[in-house]
Participant: 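Below is one structure. I have some questions about it.
First the proteins, then the strands, lettered A, B, ... as listed; each starts at 1.
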Amino acid sequence: MVQFESWASFFAMGGHGLYVWLAYGATFLVLAISYLSVRGARKRLQQELSWLSGEGGGATQEEETKL
Amino acid sequence: MLTLVELACKRDERTLFAPLSETVTPGECVALAGSNGSGKTTLLRTLAGIHSQFEGSFQCEPFLYQGHRIALDELLNPLENLHWFGALDGRTVSDDALRDALARVDMLPYALTPCGRMSQGQQRRITMARWLLSARKLWFLDEPLTALDRQGQVVLNDIIASHIDAGGAVFCATHASLDVAAREITLAPLTEAP
Amino acid sequence: MSFTSSIKTLWHKLGSPRWFYQMSGPWVIGFGIAALVLLGVGAVWALGFAPPDYQQGNSFRIMYVHVPAAMVAQSIYMSMGVAGLVLFVWRMKLADVAIAACLPLGMVLTALALFSGGVWGKPTWGTWWEWDGRTVSTLVLLFLFIGIYALREAIEDAGLKARASALVAMIGTINIPIIKYSVEWWHTLHQPASFTLTEKPAMPPEMYLPLLVMVLGMYAFAGHNIISRMRNQILVRESRTHWVREAMATGG
Amino acid sequence: MGGLLRREWQVLARNRAQVINPLAFLFLAVMLFAVGGPLEDNTRAQYGGAVLWLIVLLTNMLSLDALFRRDYDNGVLEQVVCGADVPFLVILLRIGMQWLSTGALVTLLAPFLCLLLGLPGHVTATAMLALALGSPAISLLGAVGAALTVGFSRGGILLGLLVLPLLLPVLIFGTSAINQEVAGITNNAQLYWLGFISMVALTIGPFATTAGLRISLQMQ
């Protein structure tokens, strides 16, 4: 059952709101960044390689996908 | 003595030359020619078991490898070095064998001077003495002629010739041609990996 | 086909990055959806429905984020050790792709665990950093990750980079139990055996279940993230092959 | 075997700086700590053990950096890897020599170090025992780091980064062995643990070092 009476007390978290939301925010932010960076790298690769497949030859710019 | 089956060495995941298949029989000298960077050194280091990135396969009996580096401890004198290399092979080198080897390369007077104080050419001669003392029949030599003066080159060719006559085999990478009759292999560098 | 022969063929297939690339497509989507659902449900459950801790109140909810990050980070390091063993013994190229893919996420999750641990410590003990058994072993884990990362940066040759990081990952994995035990032992020496926040007390189910969901969600996310990084790595490394060209042309 | 060992002694005899410099640094660092630290004797005894082990660890890192560098540069290491029937033995000998010139020597000098660090007299025996049991692990695991970083010109930093996290247990058990001796509590558990860690290091160290050297040799 729900632990909090109102949305206000939910956000206040009994006084520890700052820390709880800081921890959750950081976690989901980091997960989101990690997901987006991987998806971005894939998109960049797709453009590079599909552009090249038209060319049929030559090496892509060899770069290790970082984060 | 040495058989290569479709051997192709790789460096940084790139194949350096077209796959090579060769056999080297006792009493044969094979010269490995090829432009700089065609992979001669990498091939020799692969056969010596140092380089481990390759495709295909090869079998070889116990061998002696001489790379670009002198492979002598500069703090020790020739006698100590040669004793140690003997111990590396699990053998104890007798003194007169040592004396003969050093005499053969005209380095007997330098037997006790630390190798660090010798010139590059003199150190090369000491490594030639090491070849003579090693019991290995198959020699891998990488650019043996470097830093040798005229007299040194005569000694080198003489050593290789007598090694071949004694039933040994030499597989060496060299630019300058050896006096000994040698079968040539050229490495076809791969410009664009398939 | 008998069980062992199907394992053999699977093992053989794993050798070719192409097969892995084609096979892993649905896995990435599967893990992605599982992560989304589990993390979403877990977060709502942990924040809204799990009971607060009788001693710490609501700051206890940070555990539902801190523990999964630390656990998954350590599992990632262990799997890098296993991949290292596979690379060393069977010389499988895919193992290095796995190590390269695991490394960034492992480092990020370890740092995240340290951060959320600190944020959790502030309301509980009044300090942002507490030299506690768990925090120190997580910090050591971060240094083990950084060691591998620094070694990979220092080596240019791809083949040597793979073997060197495989060796360090294996040695690190062997040492993790010893390090963990010695740090825990060191901590109990310094901290009189009061209620240590990081000792998992026997939690009632309504506390334990959301944690389980969050941990599974984090593992699912790690699976999704690492496999898609591996796919990117394969595209980079096999960029000259024709199958990559076709895959890219058809948007595979 | 004898011939291999003879060369190690010859190199050690002719390159004494390799042994003397780390020891000089050891005593210098102890002096710096003693001068920098608090003056009252009772507090100094509490952190004496930690200081001793920390300095032993860091001095070892200095001497480990040069462990294979000379043989790597002059080509002798190539001959060990491709020429010798059992390269593992030659490398184990080299690590043993490095331990002798750092770990064993520090164990013998422990009485002086304990004196300088203000540790009470009865602690010296335990400190020597702990150092004797723990220092092999430092050399054996450190050799793996030395093997992997010999190819880089500024390998020292990376060597510490790779090896020191693995040596945390040695620091923990070594320090608490001495601290508990200062407090008079029995510390057999710590000594057993130090011995155990050294045994683990002995089983994986030489093999991992040989593998590391094979990797570094391909970088030449």
Participant: Can you pull out all donor-acceptor pairs below 3.5 Å that join chain B and chain D?
Facilitator:
residue, atom, partner, partner atom, Å
B:R45, NH1, D:E78, OE2, 2.7
B:R45, NH2, D:L217, O, 2.7
B:R45, NH2, D:Q220, OE1, 3.4
B:I50, O, D:Q218, NE2, 3.3
B:S52, N, D:Q218, OE1, 3.3
B:S52, OG, D:Q218, OE1, 3.4
B:S52, OG, D:Q218, NE2, 3.0
B:Q53, NE2, D:Q218, OE1, 3.4
B:Y65, O, D:Q79, NE2, 2.8
B:R69, NE, D:D73, O, 3.1
B:A71, N, D:N74, O, 2.9
B:D73, OD1, D:R70, NH1, 3.0
B:D73, OD1, D:R70, NH2, 3.2
B:D73, OD2, D:R7, NE, 3.2
B:D73, OD2, D:R7, NH2, 2.6
B:D73, OD2, D:R70, NH2, 2.9
B:E74, OE1, D:N74, ND2, 3.0
B:E74, OE2, D:R70, NH1, 3.2
B:L75, O, D:R14, NH1, 3.2
B:E80, OE1, D:R14, NH1, 2.7
B:E80, OE1, D:R14, NH2, 3.3
B:E80, OE2, D:R14, NH2, 2.5
B:R130, NH1, D:Q79, OE1, 3.4
B:R136, NH2, D:G83, O, 3.0

Participant: Using non-hydrogen atoms only, which part of B:L76 is less than 4.5 Å away from chain D: side chain, backbone, both, or neither?
Facilitator: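 Interface part for B:L76: both.
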
Participant: Looking only at heavy atoms, what is the nearest atom pair of D:C114 and D:A127, with distance?
Facilitator: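 Taking D:C114 first and D:A127 second, the nearest heavy atoms are SG-CB, 3.7 Å.
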
Participant: Find out whether B:I159 and B:V105 are in side-chain contact, i.e. whether some heavy atom of one side chain is under 4.5 Å from a heavy atom of the other.
Facilitator: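 In contact.
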
Participant: Could you tell me which residues satisfy side-chain contact (heavy atoms from CB on, under 4.5 Å) with B:P19, sequence neighbours excluded, listed by chain and number?
Facilitator: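 B:P19 satisfies side-chain contact (heavy atoms from CB on, under 4.5 Å) with B:E6, B:A8 once adjacent residues are dropped.
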
Participant: Run the side-chain contact (heavy atoms from CB on, under 4.5 Å) test against D:L58 and tell me which residues pass, sequence neighbours left out.
Facilitator: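 With sequence neighbours excluded, D:L58 shows a side-chain contact (heavy atoms from CB on, under 4.5 Å) to D:L164, given in chain and number order.
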
Participant: Of the non-hydrogen atoms in D:L167 and D:I138, which two are nearest, and what is the gap between them?
Facilitator: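 Looking at all heavy atoms of both residues, the shortest contact is CD2-CA, 3.8 Å.
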
Participant: Could you work out, with salt bridge (Lys or Arg N to Asp or Glu O under 4.0 Å) as the rule, every residue matching B:D100, not counting sequence neighbours?
Facilitator: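 Counting only residues at least two positions away or on another chain, B:D100 forms no salt bridge (Lys or Arg N to Asp or Glu O under 4.0 Å).
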
Participant: Side chain, backbone, both or neither: which part of D:V90 has an atom under 4.5 Å from a heavy atom of chain B?
Facilitator: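 Looking at D:V90, just its side chain touches chain B.
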
Participant: Do D:L194 and D:L131 come within less than 4.5 Å of each other through their side chains, counting heavy atoms only?
Facilitator: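 When only atoms from C-beta onward are counted, D:L131 and D:L194 do not touch, as no gap falls below 4.5 Å.
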
